[in-house]
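To keep things clear, I will list the structure first and then write my remarks on it.
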Amino acid sequence: MPELPEVEVTRLGISPHLLGQRLEGAIVREPRLRLPVNPDLAEQISGQTVRQLRRRGKYLLLDLEHGSILIHLGMSGHLRVLPRDTALRKHDHVDLLITDQLCLRFNDPRRFGALCWLEDVDQHPLIARLGPEPLTADFSGEYLYALSRHRQIPVKAFLMDAHIVVGVGNIYANESLFAAGIDPRRPAGRVALTRYQRLAQTVREVLQSAILQGGTTLRDFSRPDGRNGYFRLSLAVYGREGQACIRCGAALHSLRIGGRATTYCSHCQR
DNA sequence: CTACGTACCTGCCAGC
DNA sequence: TGCTGGCAGGTACGTA
């Protein structure tokens, strides 16, 4: 997926086509996503104007006059704005019909994503309990330090917990910890305040830089306009097991933390 | 409460 | 060539 930068790049890409537009309906071909698509989605959204297009963590929220459409891209989801008569591809699960014969087409091979209409999206349990945004002022080293006391969980798993802070997935957790010089296995409760301050800073820098470069294109993420992101060229550790650390030259190590591939430099990260 | 394993689903790639 | 197993950017839930 789609981590926070990819979702933000998607939001920026589709916004001009949706903001202020009146939705004319929806076509649901496969409702079985992580959250089921509303059986009566077309009736619920049809005739409504898109008031705002927000991002909360990795969720995209299309605020309508009444209620909101919640979209999550899961591991393999993808959104594109296309002419409605564009030939269907495998896994094109939902079309939101916009004006001028255009549609917002949701494609998701693994169906770990979501697209549904909710009356009050901010009160939904999936959204209401999320941690702060990493790019706003309420996310800081002091905050991470305070929440991590007495926690034994590896700091990488702590950083990837959306109830702590949203939007930091596997790629950017690996990259931020490398940039901050912190061993991903270290218990979260044993990281000092000054090192959390450094980590909060590297998280912000890594995410911001990825957004500016159009996200990280791996197997199946590309931007809504079909162009690729270039952040992959900047990855220091993710996917580089066995290769030389860009800082000290030692071979990078790899292991699994919380079931996720973790790559780090045992010399630079302590 | 915390930590951990597992499940959801399809596609792709390495290895046999 | 073709099969199989393992792995993939996320998240929620069950269990101890």
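Order of the sequence lines fixes the chain letters, A, B, ..., with proteins taken first and strands second; residue numbering starts at 1 for each chain. Just so it is clear, the structure is predicted and the values come from calculations on it, not from any experiment.
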Just compare [options] and give me whichever is closest to any side-chain atom of [X].
| X | options | value |
| --- | --- | --- |
| H72(A) | dG9(C), dG10(C), dG11(B) | dG10(C) |
| P109(A) | dG9(C), dT10(B), dT11(C) | dT10(B) |
| R256(A) | dG11(B), dC7(C), dT10(B) | dC7(C) |

Practice prompt. Before giving the answer on side-chain contact (heavy atoms from CB on, under 4.5 Å), spell out for L96(A) and L41(A) the whole-Å C-alpha distance, their side-chain angles and the decisive distance to 0.1 Å.
Written response: CA-CA 9 Å; L96(A) 298 183; L41(A) 180 69; 4.1 Å; yes
Discussion item. Between R198(A) and Q201(A), do the side chains contain a donor N or O and an acceptor N or O under 3.5 Å apart?
Written reply: no
Just how far, in rounded Å, is [atom2] of [N] from [atom1] of [X]?
| X | N | atom1 | atom2 | answer |
| --- | --- | --- | --- | --- |
| M75(A) | dC7(C) | CE | P | 13 Å |
| L207(A) | dG9(C) | CG | P | 16 Å |
| L33(A) | dT11(C) | CG | C1' | 14 Å |
| H78(A) | dG10(C) | NE2 | C1' | 18 Å |
| D108(A) | dT11(C) | CG | P | 12 Å |
| R111(A) | dG11(B) | CZ | P | 10 Å |
| H163(A) | dT11(C) | NE2 | C1' | 9 Å |
| M160(A) | dT11(C) | CE | C1' | 10 Å |

For [X] and [N], is the shortest distance between a side-chain N/O and OP1 or OP2 below 4.0 Å?
| X | N | answer |
| --- | --- | --- |
| H91(A) | dG11(B) | yes |
| Y172(A) | dG9(C) | no |
| R110(A) | dG11(B) | no |

Worksheet entry | Positions of residues 141-158 of chain A (non-hydrogen atom under 4.0 Å from DNA chain B), listed by number | R151(A), Q152(A), I153(A), P154(A)
Worksheet item: Between H93(A) and F106(A), what is the ring plane arrangement, given parallel below 30°, perpendicular above 60°, and tilted in between?
Response: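 H93(A) vs F106(A) ring planes: tilted.
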Item to complete: Just say parallel, tilted or perpendicular for the rings of H253(A) and Y264(A), cut-offs at 30° and 60°.
Response: tilted
With distance as the sole test, does [X] use its side chain to make a donor-acceptor pair with the main-chain N or O of [Y] at under 3.5 Å?
| X | Y | result |
| --- | --- | --- |
| Q197(A) | G141(A) | no |
| R186(A) | V191(A) | no |
| D95(A) | R84(A) | no |

Worksheet item: What interatomic distance, in whole Å, is found between P of dA3(B) and the corresponding atom of dG9(C)?
Response: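 These two P atoms come out 22 Å apart once rounded.
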Practice prompt. Could you work out the separation of dC7(C) and dG5(B) based on their P atoms and round it to a whole Å?
Written response: 14 Å
Practice prompt. Decide if atom CZ of R54(A) counts as having more than 12 heavy atoms of other residues, nucleotides or ligands within a radius under 6.0 Å.
Written response: yes
Item to complete: Could you tell me which non-hydrogen atom of D108(A) sits nearest to which non-hydrogen atom of G113(A), and how far apart they are?
Response: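 Scanning both residues, the minimum pair turns out to be OD2-N, 2.8 Å.
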Practice prompt. Provide the Watson-Crick or G-U wobble partner of dG5(C), both distances under 3.5 Å; none if there is no partner.
Written response: dC13(B)
Practice prompt. Could you check whether F112(A) and the base of dC8(B) form a stacked pair, meaning centres closer than 5.5 Å and planes differing by less than 30°?
Written response: yes
Worksheet entry | R247(A) and C265(A): CA distance, side-chain angles, deciding distance, side-chain contact (heavy atoms from CB on, under 4.5 Å) verdict | CA-CA 9 Å; R247(A) 190 181 291 154; C265(A) 174; over 6 Å; no
Worksheet item: Going by heavy atoms closer than 4.0 Å, what residues in residues 119-128 of chain A are next to DNA chain C?
Response: L126(A)
Worksheet item: Quick one: on DNA chain B, does R34(A) or K90(A) contact a more 5' nucleotide (nearest heavy atom)?
Response: R34(A)
